[in-house]
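Take a look at the structure below.
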Amino acid sequence: MPTREPTREPARPPGRHQPRRPPARIPARRTFGDVLAGLAALVALVALVGGVPYALLRFAGPPVTSEMLDLRFFTAEAGPSTIQAVLVLLVWLAWFQLFVCVLVEVYAGVRRVGMPARVPLSGGTQALANKLVGAVLLLFTAGAMIAPIARMAAPPAAPPVTAVAYSAPIVEQTLETHKTKKVYVVQPPHGRHHESLWEIAEKCLGDGRRYPEIYRLNQAKEQPDGTRLRMADLIRPGWVLDMPDDARNVHIVPAGQSREQTLREHPGVAHTRAQPDARHHAAKKATEGTEGTEGTEGRATEKSDKDQARHRKPDVRQDQPEITIREAQSLDLIDYLAGASLAAAGLLALLARRRREQLWRRMFGRRIVRPRDDAAQAEVALRLGGDAPGARILDIGLRLLGAELAAQHRTPPTVYGAHLSPRTLDLWIHPPDDDPPEPWTAQDGGQVWRLPAHEGRLLEEQPGGAPYPGLVSIGTDASGRVLIDLEAAQGLINVRGPQTTAALAALAVELATNRWSDRMRITLVGFGEELTVIAPDRIRAVGSLAEVLPELEATAAPRREVLTGRVSGSPRDAHYLLSAVAPTHEEARRLALLARRDTAGYVLAGDVPHATWTLEIGDDGKARIAELGFEVEAQLLPRRHYKALIDLFRTAGRLDGEAYPEAEPLEGLHPPAVEIRMLGPIEIAGLAPLEEGRMALATELLIYLATHPGGVHPVVLGGVLWPRGVQTMVRDATIARVADWLGPEHLHVDEAGRLRLGPEVRTDWALFRELVRRSRHDPTARTVLLEKALGLVRGPLLANRPSGRYAWLAADDLEYDVAAGVADAAHRLCELRLAQDEPDAAVAAVRAALLLATDDEGLWRDLLRATHATGDAVRMRAVVEVLTRRAASHPYGGGMAPETEALIEELLPSWRIHVVRESSA
């Protein structure tokens, strides 16, 4: 549905000054005139609904007579009686139409459903019924209101504009003729109730089904708190929403007035832009809930009530903080980074490689450095949005396509665009070809080559080259992700709009991290110097086009030659130039000539007259390429999100590590009433399973509470479990369900409104830490305690967790502490067993830890030493063989740590000979 244009008001005559008239206030109470009008309307309704049928029955007869039931009545010659009967029937039908309209209007007015349902072919009749019923209802209640039926005729030139104030039910009419707009301030929650776009549409437009109009008017517009409307079901108190022209119950403001000024003049909630100290305090209050709570309901409750509260079901309505600035910022990070699903998948793969290198050098007693603040939220967003299966299908499908075409001695076609959805991968090719290699199929007369997703998932890794490394996302449409091939333009690609640099940064990050390319160089001009932290082997940054033009001209290569080389096994480096600096006229001319004869892709900001394609980034967040007919939600990487990614990768490059805290002592080691097993597949012992479909979410909630014994406020818990946003009623219902599942003795609410688990709910990780803690203070039982601790390890942490959930682990200590704690316990036990001359027990200890901390290279070195101590050369060679094979085929690459290679050289000098023999065999 297109967004309706604002109604234009007539211009003032030149030279005349029209003083501003104060708005006329209509009192909310009923006047004597209202009563008279209501009585008159009541009499009219009674006469129309009851009097008309009575008169018709008395003087004209029923609508259908016995003669009319005879078919000959309609086929015989028409006489006066026939005409009279037809007229009587028409009058009866008109009355029945009015009667139905009255029923519809009465129902809408009494039930307050908003816009009454339309009765077909009853425009004028329903309008009359609307007025009469409205007047009658006003007679009996001051609160009942009926939404007037929209008039079919055109509106008058200068209609009066109404606005309802928030503090009292007063209607204001303004006759200002300067250009204005209508806005609505989203109200703060009342109890469990939070406003939604549907409710606002129902209140202001008369029909909740019109909420998409409000969404389209405000989509991607910045709000006073710095965030933007990205999801129709996620709005926040204090937002200022632009409204359609026919909206009621709104504010009238000058058209150019800022949202901040509107909020100051019409405060729906108290709002200020937080300074750094205030923002820190707000975040601390929301996440800890221990400071700044004086005066809340919890503080005001008498001590006896507090004691009772510990034993009743959690009531999450009390002491709910508003969404903090920090929470709003994390949602903003998720909006952008989680939406870049292919880039997110590539970034996560690179990040995992860096983390593996950190683990190579992790020191005993320290964990690898974890990200904080925006960097941590950036990783949460990447985990939420990363589409590794989609990236794999794109990579393997393209390589298979290239290999099959090479085997048939065919040159790959030009692919100027691609569409990746959960069901298919489509390539738009030129020239059309209706004979693609299997399992690809031709569509639209050979203009589209399609790979079904179920076929793509079955494909095995392909050894062939990557034929289309320049495919990169520009955004998403309703069904999937749209990509363009930068090389297919065979000319310059111009990027324009207010978010040009954000668009270029998004292109650069996905190009630098994609898996459907082999050898690539990306030159960034005028931006992106920090991106070398992410992919130093692919990205370089320069200050001007003049620095790179001579090199580009010297290394240009024809497209056909390059494509053939890629699929035949002799590829050249793909090269892409992304410039945030507008070229001079001469630079643009040279680049245009170069692009026509070179395979490289050239994307330039500014006014580029020789561009083949123009990528327009609008204020509405849309990306459009008119030459290709593409219009999508743009993939952007704004400055703050860009910095968050840089900080994330800088953190992943730190090798110093950080200390992790010692566990708080447990009161005892007796079996708990409820045990949550996390050190392997997730298991909940002591509770009956919930019904299918609810167990996964309830388990995640329980695990989060169990790993945060200090307590978690429901608002914070909602942000953790539903990082994209959730309605309060859904969050509260989930918490209540978990409370019923656990029982009142196991889930409490403290004085600050935080949820806490009781002492009889325990995780295997808490028991592991307690056993390790006791081993430090009891030398005589040290080995026994450590063996009991490692006996709790059954596999990777939360091994069977559902895909797409537990993204909060990226911003939490748990993953880092568990990996380091398990590895350190195994290292300590391995040394003890070796000192006791029990190498087999040492091997068993290390192998137990490797079930969870598989990438900790220190554990592999412990395994090498322990296996060597057994004196079994065959076992030693087997371990070396597994380690080298694993390093060569690791999904995140990186080979083997130099320290590990040096240890193998020392313990098994002939290992390289065995490796060569195995590989040749």
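Side chains are part of it too, since the values below use all heavy atoms of this structure and drop only hydrogens, waters and symmetry mates.
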Is there a side chain to side chain contact (heavy atoms under 4.5 Å, CB included) between Arg362 and Leu359 once you walk through the steps? CA-CA 5 Å; Arg362 187 187 71 85; Leu359 285 171; 4.1 Å; yes
Could you tell me whether the side chain of [X] and the main chain of [Y] form a donor-acceptor pair under 3.5 Å?
X      : Y      : result
Asp750 : Arg754 : yes
Arg756 : Pro709 : yes
Asp764 : Met678 : yes
Glu899 : Arg361 : no
Thr854 : Leu850 : yes
Arg650 : Leu645 : no

Does [X] reach the side chain of [Y], with side-chain heavy atoms less than 4.5 Å apart?
X      : Y      : result
Trp360 : Asp855 : no
Leu883 : Leu864 : yes
Thr870 : Pro839 : yes
Phe649 : Leu347 : yes
Leu786 : Leu771 : no
Tyr806 : Leu814 : no
Leu785 : Val772 : no
Val369 : Tyr816 : no

Show the atom names and distances, to 0.1 Å, of all donor-acceptor pairs under 3.5 Å that link a side chain in residues 664-675 to residues at least two apart or in another chain.
from, atom 1, to, atom 2, distance (Å)
His670, NE2, Glu760, OE2, 3.4
Glu675, OE1, Arg677, NE, 3.2
Glu675, OE1, Arg677, NH2, 3.3

Nearest-0.5 Å distance, [atom1] of residue [X] to [atom2] of residue [Y]:
X      : Y      : atom1 : atom2 : value
Thr699 : Leu690 : OG1   : CG    : 7.0 Å
Arg370 : Arg355 : CZ    : CZ    : 10.0 Å
Gln377 : Asp647 : CD    : CG    : 13.0 Å
Gln727 : Asp732 : CD    : CG    : 11.0 Å
Arg737 : Met695 : CZ    : CE    : 12.5 Å
Leu832 : Thr783 : CG    : OG1   : 7.0 Å

Trace of the side chain to side chain contact (heavy atoms under 4.5 Å, CB included) decision for Met876 with Asp872: CA-CA 6 Å; Met876 183 66 184; Asp872 190 334; over 6 Å; no
Least distance between heavy atoms, [X] atom then [Y] atom:
X      : Y      : value
Thr513 : Ala343 : OG1-O, 3.9 Å
Gly657 : Arg366 : O-NH2, 2.8 Å
Ala826 : Leu790 : CA-CD1, 3.8 Å
Pro714 : Arg731 : O-CD, 3.2 Å
Ala789 : Phe768 : O-CD1, 3.1 Å
His713 : Gly753 : CD2-O, 3.9 Å

Quick test of your reading of the model: are [X] and [Y] salt-bridged, counting only N-O distances below 4.0 Å?
X      : Y      : result
Glu857 : Arg861 : no
Arg367 : Glu658 : yes
Arg640 : Asp374 : yes
Arg833 : Glu787 : yes
Asp862 : Arg865 : yes
Asp856 : Arg356 : no

Mind checking ring-ring contact (aromatic ring centres under 6.0 Å, His included) for Tyr704 and listing every partner two or more places apart, or none if nothing turns up? His708, Trp808
Just wondering, more than 12 heavy atoms not from Arg847 lying within 6.0 Å of its CZ?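 Not buried by this count: 12 neighbours or fewer within 6.0 Å.
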Would Val726 and Leu721 count as a side chain to side chain contact (heavy atoms under 4.5 Å, CB included) here? Give the steps. CA-CA 9 Å; Val726 67; Leu721 298 181; over 6 Å; no
Val761 vs Ile676, test: side chain to side chain contact (heavy atoms under 4.5 Å, CB included). Steps then yes/no. CA-CA 8 Å; Val761 181; Ile676 306 168; 3.9 Å; yes
Exercise: do Asp824 and Tyr660 side chains pair donor with acceptor under 3.5 Å: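 Yes.
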Just by distance, with hydrogens left out, do Asp778 and Thr780 show a side-chain donor and acceptor under 3.5 Å apart?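 Checked: Asp778/Thr780 side chains pair up, N/O donor to acceptor below 3.5 Å.
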With salt bridge (charged side-chain N to carboxylate O under 4.0 Å, His left out) as the criterion, how do Arg383 and Glu379 come out once you've worked through the C-alpha distance, each side chain's angles and the decisive distance to 0.1 Å? CA-CA 6 Å; Arg383 293 193 186 191; Glu379 187 175 350; 2.9 Å; yes
